[in-house]
Enquirer: 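Before I ask anything, here is the structure I am working with.
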There are 2 protein chains.
Amino acid sequence: MTGEDREARTATPPRRGRPPAGRSTLSRTAIVDAALALIDDDGVEAVSMRTVARRLRVDPKSLYNHVADKDALLDGVAERVISLVRVPKPTGDARADLRAVCLAYREAALAAHPRAATLVLTRRVESAGSLAPLDAVLSILARAGHPPAAAVHVVRTVLAFMTGTLLREADAAAPFGTDDFGTAAARTAALRESGFPAVGEAAPHLARCDHEHEFLTGLDLILDAFGSRAPRATDGSEQS
Amino acid sequence: MTGEDREARTATPPRRGRPPAGRSTLSRTAIVDAALALIDDDGVEAVSMRTVARRLRVDPKSLYNHVADKDALLDGVAERVISLVRVPKPTGDARADLRAVCLAYREAALAAHPRAATLVLTRRVESAGSLAPLDAVLSILARAGHPPAAAVHVVRTVLAFMTGTLLREADAAAPFGTDDFGTAAARTAALRESGFPAVGEAAPHLARCDHEHEFLTGLDLILDAFGSRAPRATDGSEQS
DNA sequence: ACCTGAACACCGTTCAAGT
DNA sequence: ACCTGAACACCGTTCAAGT
């Protein structure tokens, strides 16, 4: 902070033209880094081409030499975060391995960069860097005997559950501190007075949420459900 | 369009001060209506205080007399769409009744206002008008013998799955036409060349998606899973 | 109680001109 | 190949002044 001040005071006036040979200040990855750091500090809504450029001490328009537009930049951030998923080594126990990948995904998307989570969950990202977790899950399922069509279906169901759950976690984290007491009481009261009988009855349970427990038990439920459907042994072709 | 031109040419110069008595041009619901209509026509990203105001032939700043800010306006739109869910009459068959509410939710959130879907799925809305579907689900579960804590857990798991699934449907609808052939082939090829073996293997299945089938079978899977856990009969208190 | 003029501090993006 | 000055067409929002 004081370091930044000193640098700002010493700053040479912005030079024009190509930068001095080897000193290629800017790059796509540097820009994505800056955007992610900005999101970590101030949230997604703080991202603008101008604020990102400010962080890099660069003219906003310079970004367009490395990134198509703001939308592409945000895609880049989402992709980067997914690429941070540390896919665990498979043990051979399909169910446990699936669970482990899901936990790693939650770790990267939610714990490491909580304020970038909505980006990751909300944007359709399918570029090279982000396919590793998908590949891991598909190969676990293949080894367990699921034909590709069935495996894709499992992936989609699990991913849908995870997206919904993590999205809920992500924006619960924003307004309230993780486990808030006062607001839980207020929310209970509000739900009680809503005029909806069943909502009123369940009010205290609706007002607070143990996110981790919710995630783990929901995931187990779904994995159990798929586990109880015996996968086809070796044959890939089926009647439909 | 020609009608608009004519009106625009005839338009009286904007009058100042309070409008002529009974003619209260503006209201919160009128503004939400206009925003929703705008979203239906041009998508969420087309919404600005200025475009909404233009649609109402009103000064942008006038909106602030009825709506706190743009964020509150978008909340209002999400709430309105949820309030459009037509909760079906319960038949007494808990499983079928749950399924019916979920289908109604999908109908309202996705079929009726597809371009507003992300708004509904993405914003935490808990105000009076949008609690009806939640109340319906909770009362179905209560009647089936689930104690409140368990019922809330079921709701959360099902809602997470629905959020993820409908979000996927919503932004698949945007880029591609519902069932695209050419792009499916292109996507298959791209996934094959990704260098990830399991992804390559499953490429044709990843490239296309029967959204309705995916939704229905996923939902059945989850409902089956909960169905196989016998609900506690009458007693609400348990050991934990 | 509700509207608007003037104004502020922002945006994303283009393009030609520089080195 | 990469940077920037000038510029365009937008934003959300405030506030005092009007009726």
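The chains referred to below are lettered A, B, ... by the order of the sequence lines, with proteins before strands, and numbering in each begins at 1.
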Enquirer: Of all heavy-atom pairs between B/L63 and B/L56, which one has the smallest distance, and what is that distance?
Expert: CD2-CD1, 4.3 Å
Enquirer: Over 60° means perpendicular and under 30° means parallel, so tell me whether B/F215 and B/F161 are parallel, tilted or perpendicular.
Expert: parallel
Enquirer: Can you pull out the residues from residues 29-38 of chain B that lie within a 4.0 Å heavy-atom distance of DNA chain D?
Expert: none
Enquirer: Identify the two heavy atoms, one from B/V87 and one from B/A136, that lie closest to each other, and give their separation to 0.1 Å.
Expert: CG1-CB, 3.4 Å
Enquirer: Only Watson-Crick and G-U wobble pairs with both distances less than 3.5 Å should count. Give DNA chain C in dot-bracket notation, marking inter-strand partners with |.
Expert: ||.|||||...|||||.||
Enquirer: Tell me, please, which residues at least two apart from B/D41 pass salt bridge (charged side-chain N to carboxylate O under 4.0 Å, His left out).
Expert: B/R55
Enquirer: If the threshold is 4.0 Å, N to carboxylate O, is there a salt bridge linking B/E169 and B/R106?
Expert: yes
Enquirer: Got a sec? Which of residues 58-78 of chain B come in under 4.0 Å of DNA chain D, heavy atoms?
Expert: B/K61, B/Y64, B/D69, B/K70
Enquirer: To the closest 0.5 Å, what do you measure between OG1 (A/T165) and CD (A/E214)?
Expert: 8.0 Å
Enquirer: Kindly give the heavy-atom pair with the smallest separation between A/V32 and A/G76, and that separation in Å.
Expert: CG1-O, 3.8 Å
Enquirer: Quick check: closest heavy atoms across A/S194 and B/L131, and the distance to 0.1 Å?
Expert: CB-CD1, 3.7 Å
Enquirer: Sorted by first residue and then second, give each salt bridge (Lys or Arg N to Asp or Glu O under 4.0 Å) pair with at least one member in residues 68-79 of chain A; sequence neighbours left out.
Expert: A/D71-A/R123, A/D75-A/R123
Enquirer: Rounded at 0.5 Å granularity, tell me how far NE2 in A/H66 sits from CG in A/L26.
Expert: 5.0 Å
Enquirer: Counting only side-chain heavy atoms from C-beta out, which of C/dC3, C/dC11, D/dC3 sits nearest to A/R54?
Expert: C/dC11
Enquirer: Any residue in residues 39-51 of chain B with a heavy atom nearer than 4.0 angstrom to DNA chain D? Just list them by number, or reply none.
Expert: B/S48, B/M49, B/R50, B/T51
Enquirer: Which pair of heavy atoms, one from B/V81 and one from B/A109, lies closest together, and at what distance?
Expert: CG1-CA, 4.3 Å
Enquirer: Do B/R187 side-chain atoms and B/L206 backbone N/O form a donor-acceptor pair below 3.5 Å?
Expert: yes
